[in-house]
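For reference, the structure discussed in these notes is given below.
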Amino acid sequence: MRDDAQRPDWLPWIAGAVTVALGLLFLILMPPLYNPDEMNHLYRAEQISRGELLGRRIGTDRTEAGGTIDGNLMAAFVPYISAQINRSPPPPSIRELPEAAIKWGGPAMTIDFRNTAIYPPYFYLPSVAAILGGKALGASIHQTFYAARLLNLLAAVAVLVTALALFRTGRTVAATLLLFPTAVSQYAAVSQDGLLITVGALAAALASRPLSERRAATGVEIAWITALLALLFVTRPPLVPLALLPWALARRPLAPWSILPTLGLVAVTAGWSLYAGTTIKVPWWASPFHYSMTEQLTGILTSPATYGGVLWRTMSDLGHGYLLQAVAVFGLLDVFLPGWVYGVAALGIGLALLRDGHAASGGNGLFRGTGLIAVAGTWLLIMTIQYLDFSPVGFAHILGVQGRYFLTPALFLGLLLPHWRLPAPLAALSAGAPFLTPVLAAATLPTTIALHYAT
């Protein structure tokens, strides 16, 4: 009998095929602009396609942020924008709408899309390619929109398959998270989040290789991991605690040079955050509540115990919702699958943890300890940034947190497990953990999405 190292490795290809099939369901079933922030992500991609790589403050008083887009873009989606504003069902068919024939070439417009204007351009490249191709071929804006969804899906799947092929230890947990319906829905949206998630998996995969071989990472491996993390941190600064991981993989962690990648990542993240915060970012829309990052931060520093209570109440009251959102929530964060799907997801992630512990090398306790600190620090920073930026001063709960924010740091959890042994039947059974949720959820998607948007 051949050992595992000699057997063909089909998991990446099966995972890729399942992801494409499930992603195509989302691509077809989800109405245009009904993925989270999809309209503003589309505006950002169109801005980049015009050569404006960075967002900017706009308006006479510079209280808005966005950039220049084709004026026909907004006109092409008026029925869907109106449906969201009026909380009415979206049109059942694009082809029957006069807006379906609108093409590119309208007058330039400068508009506000402040929540996506702050993002760097690189994770938008598939959408940008679709827009440039649609303009060159004379395609309608609706045709271009679906091409952008498709290219995002294919790009995310390509990175996903590559990551799973490179993984050594921790792969089952990562594959299970990558195939959660929430993640797949982002792959098939006009958004940057699909590549954000899968590039995180690629960084985790590269980190897994020296861990599985119980050796220090080479300089080339650390350079690649550091570069991938930099892409993540500039896009999502709260992920920066993961900058500790290259240091924990170094050959001589106590040597002064070993901390340089970590310091570089922190510097890049801080530099981008300072630039975006001072030249692009603007406050949220007018609200009867009082928002002030300075006052909120002062409150946290002067009364950490009070902020601890805010964290506790938020997780106690809303934490279950974050878990559901991380597994399967679609549309404008309002479409959930039947309850049993989330039970299946819990079983899948439990089996994945068991299998990855079974396959763990058990070495590098420094990385495991540092990784736990980094993942916990990422959770804390995500919560804190949302409290500073999205929650009224002194509010009792943290607002604006979404479950998908935690998927990227969770991809590293399988690398942090100690080694244990499983009975052979359970070890074999757990190999199918990544496919439980997407395969079973796919059967419920058409009915769930159609019924939700029909009422």
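Excluded from the calculations below are hydrogen atoms, water molecules and symmetry mates; all remaining heavy atoms, backbone and side chain alike, are included. The structure displayed is predicted, hence computed values, not measured ones.
Closest of all the heavy-atom pairs between I222 and A250 is CD1-CA, 3.9 Å. In terms of heavy-atom proximity, A183 sits nearest to L407 at CB-CD1, 4.1 Å.
Judged by distance alone, the side chains of W104 and T144 do bring a donor and an acceptor atom under 3.5 Å apart. Between the side chains of T116 and Y124, no donor-acceptor pair of N or O atoms lies under 3.5 Å.
A 4.5 Å side-chain heavy-atom check between H320 and M315 finds every atom pair outside the cut-off. Side-chain contact between R236 and T408: absent, with no pair of heavy atoms (C-beta onward) separated by less than 4.5 Å. A 4.5 Å side-chain heavy-atom check between Y119 and N40 finds every atom pair outside the cut-off. L211 is listed as a side-chain neighbour of L249, based on a closest heavy-atom distance under 4.5 Å. Under the 4.5 Å side-chain criterion, counting only non-hydrogen atoms from C-beta, P253 is in contact with L366. For the pair L153 and L24, the minimum side-chain heavy-atom distance is below 4.5 Å.
Judged by distance alone, the side chain of R114 and the main-chain N or O of P283 form a donor-acceptor pair under 3.5 Å. Formation of a donor-acceptor pair under 3.5 Å by the R209 side chain with backbone atoms of F167 is not found in this model. D356 places a side-chain N or O within 3.5 Å of a backbone atom of V173 that can act as its donor or acceptor partner. Under a 3.5 Å cut-off, the side chain of Q296 and the backbone N or O of L388 do not form any donor-acceptor pair. Between the T235 side chain and the F123 main chain, no donor and acceptor come within less than 3.5 Å of each other. Looking at H358, its side chain does come within 3.5 Å of a backbone N or O of L422 through a donor-acceptor pair. Put simply, the side chain of N152 gets close to the backbone of A189: a donor and an acceptor are under 3.5 Å apart.
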Exercise for review: Evaluate salt bridge (Lys or Arg N to Asp or Glu O under 4.0 Å) for R404 paired with D193, printing each intermediate quantity in order.
Suggested key: CA-CA 9 Å; R404 75 176 189 272; D193 283 48; 2.8 Å; yes

Practice item. Determine, step by step, whether D9 and R171 satisfy the salt bridge (Lys or Arg N to Asp or Glu O under 4.0 Å) criterion, reporting the C-alpha distance in whole Å, the side-chain angles of both residues, the deciding distance to 0.1 Å, and the verdict. Key: CA-CA 12 Å; D9 185 10; R171 182 168 77 166; 2.8 Å; yes

Check your understanding: Between V282 and R57, does a side-chain contact (heavy atoms from CB on, under 4.5 Å) hold up when you go through it step by step?
Key -> CA-CA 8 Å; V282 297; R57 290 180 180 172; 3.9 Å; yes

Exercise for review: Test Q47 against E52 for side chain to side chain donor-acceptor pair (under 3.5 Å), laying out the working first.
Suggested key: CA-CA 6 Å; Q47 178 195 26; E52 293 186 13; 3.0 Å; yes

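Below 30°, between 30° and 60°, or above 60°: for Y80 and Y34 the angle between ring planes is above 60°, a perpendicular geometry. Between Y322 and F406, the ring-plane angle classifies as tilted under the 30° and 60° cut-offs. Between H142 and F77, the angle of the ring planes goes over 60°, which puts this pair in the perpendicular group of the 30/60° scheme.
Here R50 contributes atom CZ and I69 contributes atom CD1; the two are 8.5 Å apart, rounded to the nearest 0.5 Å. The distance from atom CG of L160 to atom CG of L195, rounded to the nearest 0.5 Å, is 11.0 Å. Atom OG of residue S127 and atom NE2 of residue H41 lie 9.5 Å apart, to the nearest 0.5 angstrom. Considering OG of S212 and CZ of R168, their distance stands at 6.5 Å, rounded to 0.5 Å. Note that CE of M30 and CG of L332 are 8.5 Å apart. Values are rounded to the nearest 0.5 Å.
Residue W224 qualifies as open at atom CH2: its count of foreign heavy atoms under 6.0 Å is 12 or below. Heavy-atom contacts from other residues, nucleotides or ligands closer than 6.0 Å to CZ of R62 number more than 12.
For the pair D389 and K281, the salt-bridge criterion is met [side-chain N within less than 4.0 Å of a carboxylate O]. Using a 4.0 Å cut-off between a side-chain N of Lys or Arg and a carboxylate O of Asp or Glu, E64 and R56 do not qualify as a salt bridge.
Taking the six-membered ring where the residue is Trp, the centroids of Y307 and Y387 are separated by under 6.0 Å.
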